[in-house]
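Taking it in order: structure first as structure tokens, then the write-up.
Only heavy atoms go into these numbers, but all of them, side chains included; no hydrogens, no water, no symmetry mates. Letters A, B, ... mirror the listed sequences (proteins, then strands); counts begin at 1.
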Protein chains: 2
Amino acid sequence: MSNPSTTRPGPGPGRRPAPDRGRTLLGPALRLIHTGRTPTRSALTTALEVTRATAGAVAGELAALGLVTVDEHPIGTGRGRPSHRLGLAPDGPVVLAAQVHFDMLSVALAGLGGELGEAVYLPLPAATDPEPILATIAAAGAALVRAQRRRCLGAALALPNPVREPDGTAPAALHFGWPGGTPVVQLFADAIAAQDLGPRGRVPLPTAVANDANLAALAEHRHGAGRDARHLLLVTSGHRGVGGALVVDGRLHTGSAGLALEVGHLTVDPLGRPCPCGNRGCLNVETDPEALFSAAGRAVDPSRPLLDQARELARDPSARAAVDTVVDRLALGLAGLANILNPDRIVLSGLHQDLLAAAPTRLPELVARHSLWGRCDQVPVVAAEVCHAGLVGAAEFAWEPYLRDPQAVAG
Amino acid sequence: MSNPSTTRPGPGPGRRPAPDRGRTLLGPALRLIHTGRTPTRSALTTALEVTRATAGAVAGELAALGLVTVDEHPIGTGRGRPSHRLGLAPDGPVVLAAQVHFDMLSVALAGLGGELGEAVYLPLPAATDPEPILATIAAAGAALVRAQRRRCLGAALALPNPVREPDGTAPAALHFGWPGGTPVVQLFADAIAAQDLGPRGRVPLPTAVANDANLAALAEHRHGAGRDARHLLLVTSGHRGVGGALVVDGRLHTGSAGLALEVGHLTVDPLGRPCPCGNRGCLNVETDPEALFSAAGRAVDPSRPLLDQARELARDPSARAAVDTVVDRLALGLAGLANILNPDRIVLSGLHQDLLAAAPTRLPELVARHSLWGRCDQVPVVAAEVCHAGLVGAAEFAWEPYLRDPQAVAG
DNA sequence: GGCTTTTTGTTTAGGAGCGGCACAAAGTCA
DNA sequence: TGACTTTGTGCCGCTCCTAAACAAAAAGCC
């Protein structure tokens, strides 16, 4: 042999089936079927811009991998030979999707297609250290997989705080007190590995952890209000503070260290409320649930979740003035983001979704007025559509390697 | 024939040489050589992760296209058979790069490799309507091409204002009074077409127009301070106002309508100077040349270019306090952008470059202190390195189709 | 200086992936 | 019933790449 060190050890002769180039059509084809855009092989032909022969072969291969089914009965749409609908195999493999919420945990199985199985909700364990929480999630997930006797291909977890790349730590403290720097990616991988869910026993499942806003954006982009948007900005207000996420050309923009779209400290009211960051009038403190209550001069019922109360208040006509105040601040923040990111569409979730419902014309108009983009085009500000977007997004994240290379399902 | 309407009319049988997939290695290989990363065929082998056979074939094909040369003499680097350096053909084809500046025009020819030919500077014509300006540029470019007897493959123009996509208009008025909505892309294409520079006579040259900050970012990313950065943020202050640009994974992020990175209206001083946009303390008015003069309490000499004077003032030790004030505002703006975009690196140009030189530790420290990213990692804030970055970036833009598919050079 | 070792470049054979084409299948329309 | 339209498939060939062997050009060792 001449010198094997520089000759790449390919898996046999022929065209390279390398990480990203071999079988270039299989991934795009599965992605199209997954997002419900190509009901038939004929639609695949046009969407992928290939010949019918190739589209047929690709569909056949996806079916052979157990991912796609070809409907028995044809669907008649006018003239010509009728097509057979391409569907996702109902008994195909699944992934584990999990989410850490403010006050609970949720876990579900998900096949392709963006539909979740029934979600399991768990209270936070008494010890809110990382290990017991992640162990609880992994155990619940393993129970689901075993009970439903499905093949599990991966797991992903949505966390309510940023996840730093590439080391996989949570840089800021979670609200229930995990220290900054907690290696959440590794801990979750360990928790899943301990459940021994690998397809052939000892092979550890691929796992991933990401911020919940990012995953929600992914879910909305693939299956919700962000479909067909090239650049999608999602802004959400949860229990406390504001989260953002950006999808660029179908892929999450998480920045160089996973810390992009930390939009909470945009200044939206120079004379506003003080923010822990030291400034005044940050988006975080001006458009979160507390800000709405403060603007309305109402008291919070400490016995009920703050976010739920705030969403009710946003729908309360008697709080109109307060809603408008907060909407104005939000619009300024969104306009600032629009000037920087110029997305196709802005999707609002959480409390912001209710603020949009309460001010369906005022909010987009203000965004348009305060952004260069808005002075050129209509600015589509829309409400989120996906239920359990965090879980659905986690499922997307876990499926991602297989959407890139469906043949990995066979490995 | 069965039905040619759905069967794509490919250019002959065989593996598809379609827009983006045919000859997948040729483009990446040329790009590596173009950015000076692969001096030899052996380096191509490792960079492209292909076999030596393939790298050799690719290099040979690029040489056959007249783009790449293989050095006569080997370069000895230790043991083994020495390599021959891969260079860019000195007599290869060129593109036309042009820029509209505040008070003049510039035009240059550029081959691959990021080096400009000698630039020609032209005063603005008496009539500052779009047509005469663009005609002046096209005529000067055509004269260069003819004088140097080079084959010209395309032309690109850098403009000091945003270019709206997909219609190719300038949404805001240029400072010398072009009306908003001017179809600059079409007008430039017409001006170039009128010069009849096509390789075989009547074929019009491909042309492009883009914002100068965007093009500068492209230039810095490929050939300057942004090399090896995955996500690069460039911020620049020109004669008036602030421009920004973002390169994501090697490609410009211009947003859905080309209006991204309009960073000038970030609030950086809630009680600051009024901005034409209606707010106070926008980055535009707080960190532009006038702001520095205002902070220093100095008078501007109306007989000299404002930007030049401001850059001198930034270097003047006696203006220390004023510089620090403006630096503080700039740092706040950069931190805001870092929180949203989380780039790998921030490159400063124009006046901001001098502000960084005047406050080489204060500025990065403040950016770090006010951004989540800065609290996790070092924030590299660096000065621009490319001379005539607008022209170099325009050349990159014009070369882009050929870097994607080098075989287009032959067409 | 001859030998081996190391690294680079080239030649040859062959395989994977996809297009073109012809044909078959399954419906609608007149 | 037959013409037409649209969808799906089998076969062949082309292109782009890999693997493997060979050739070339240096350094290192004796």
Side-chain angles (χ1 to χ4, degrees), chain A residues 1-18 20-29 38-46 48-61 63 70-86 407, chain B residues 1-18 20-29 38-46 48-61 63 70-86 407:
Chain A
M1 200 183 299
S2 51
N3 55 338
S5 62
T6 56
T7 304
R8 274 180 71 257
R15 202 155 173 283
R16 169 175 29 168
D20 42 324
R21 239 175 305 174
R23 221 73 177 116
T24 49
L25 292 176
L26 226 51
T38 47
T40 68
R41 272 171 291 207
S42 179
L44 261 190
T45 304
T46 55
L48 294 175
E49 297 191 291
V50 296
T51 57
R52 289 196 302 274
T54 306
V58 163
E61 198 152 345
V70 181
D71 237 25
E72 192 76 24
H73 334 283
I75 44 174
T77 52
R79 310 240 286 235
R81 175 175 172 175
S83 273
H84 294 256
R85 176 175 290 276
L86 295 178
Q407 288 179 311
Chain B
M1 201 184 303
S2 53
N3 53 339
S5 62
T6 55
T7 302
R8 276 180 71 255
R15 208 158 169 279
R16 168 175 31 165
D20 42 325
R21 240 174 307 174
R23 221 74 177 115
T24 48
L25 292 177
L26 227 51
T38 48
T40 68
R41 273 172 289 206
S42 179
L44 261 190
T45 304
T46 55
L48 294 174
E49 296 189 291
V50 296
T51 57
R52 289 196 303 274
T54 307
V58 164
E61 199 153 345
V70 182
D71 237 23
E72 191 75 25
H73 335 283
I75 43 174
T77 53
R79 307 241 287 236
R81 177 174 171 175
S83 273
H84 294 254
R85 176 175 290 278
L86 295 178
Q407 288 179 313

Nucleotide N/O of nucleotides 25-30 of chain D paired with protein N/O under 3.5 Å:
{"residue": "D:dA25", "atom": "N3", "partner": "B:R81", "partner atom": "N", "Å": "3.3"}

Residue mapping more 5' on DNA chain C - nearest nucleotide basis, B:A43 or A:T54: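 Checking each residue's closest nucleotide, the 5'-ward one belongs to B:A43.
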Could you tell me the separation between the [atom1] atom of [X] and the [atom2] atom of [N], rounded to a whole number of Å?
| X | N | atom1 | atom2 | value |
| --- | --- | --- | --- | --- |
| B:Q407 | D:dT15 | CD | P | 11 Å |
| B:R41 | C:dT7 | CZ | P | 18 Å |
| B:L44 | C:dT7 | CG | C1' | 16 Å |
| B:I75 | C:dT7 | CD1 | C1' | 13 Å |
| A:L48 | C:dG17 | CG | P | 15 Å |

Separation between CZ of A:R85 and OG1 of A:T38, rounded to the nearest 0.5 Å: 10.0 Å
Approximate separation, where rounding is to 0.5 Å, of A:L48 CG and A:T54 OG1: 9.5 Å
Which of these nucleotides, D:dT7, D:dT18, C:dG20, is closest to any side-chain atom of A:R52? D:dT7
Which listed nucleotide (C:dC18, D:dT18, D:dG8) is nearest to the side chain of A:L25?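 Nearest nucleotide to the side chain: C:dC18.
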Let me see the working for B:R41 and B:H84 under side-chain contact (heavy atoms from CB on, under 4.5 Å), right down to the final yes or no. CA-CA 8 Å; B:R41 273 172 289 206; B:H84 294 254; 4.0 Å; yes
Looking at [N], I'd like to know if its phosphate oxygens (OP1 or OP2) sit under 4.0 Å from a side-chain N or O belonging to [X].
| X | N | result |
| --- | --- | --- |
| B:T24 | D:dC17 | yes |
| A:S42 | D:dT7 | yes |
| B:S83 | C:dG9 | yes |

Let me see the working for A:T45 and A:T51 under side-chain contact (heavy atoms from CB on, under 4.5 Å), right down to the final yes or no. CA-CA 6 Å; A:T45 304; A:T51 57; 5.8 Å; no
Who passes side-chain contact (heavy atoms from CB on, under 4.5 Å) against B:P82, sequence neighbours left out?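 Here the qualifying residues are B:P74.
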Of the non-hydrogen atoms in A:P28 and A:T24, which two are nearest, and what is the gap between them?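 Closest approach of A:P28 to A:T24, heavy atoms only: CD-O, 2.9 Å.
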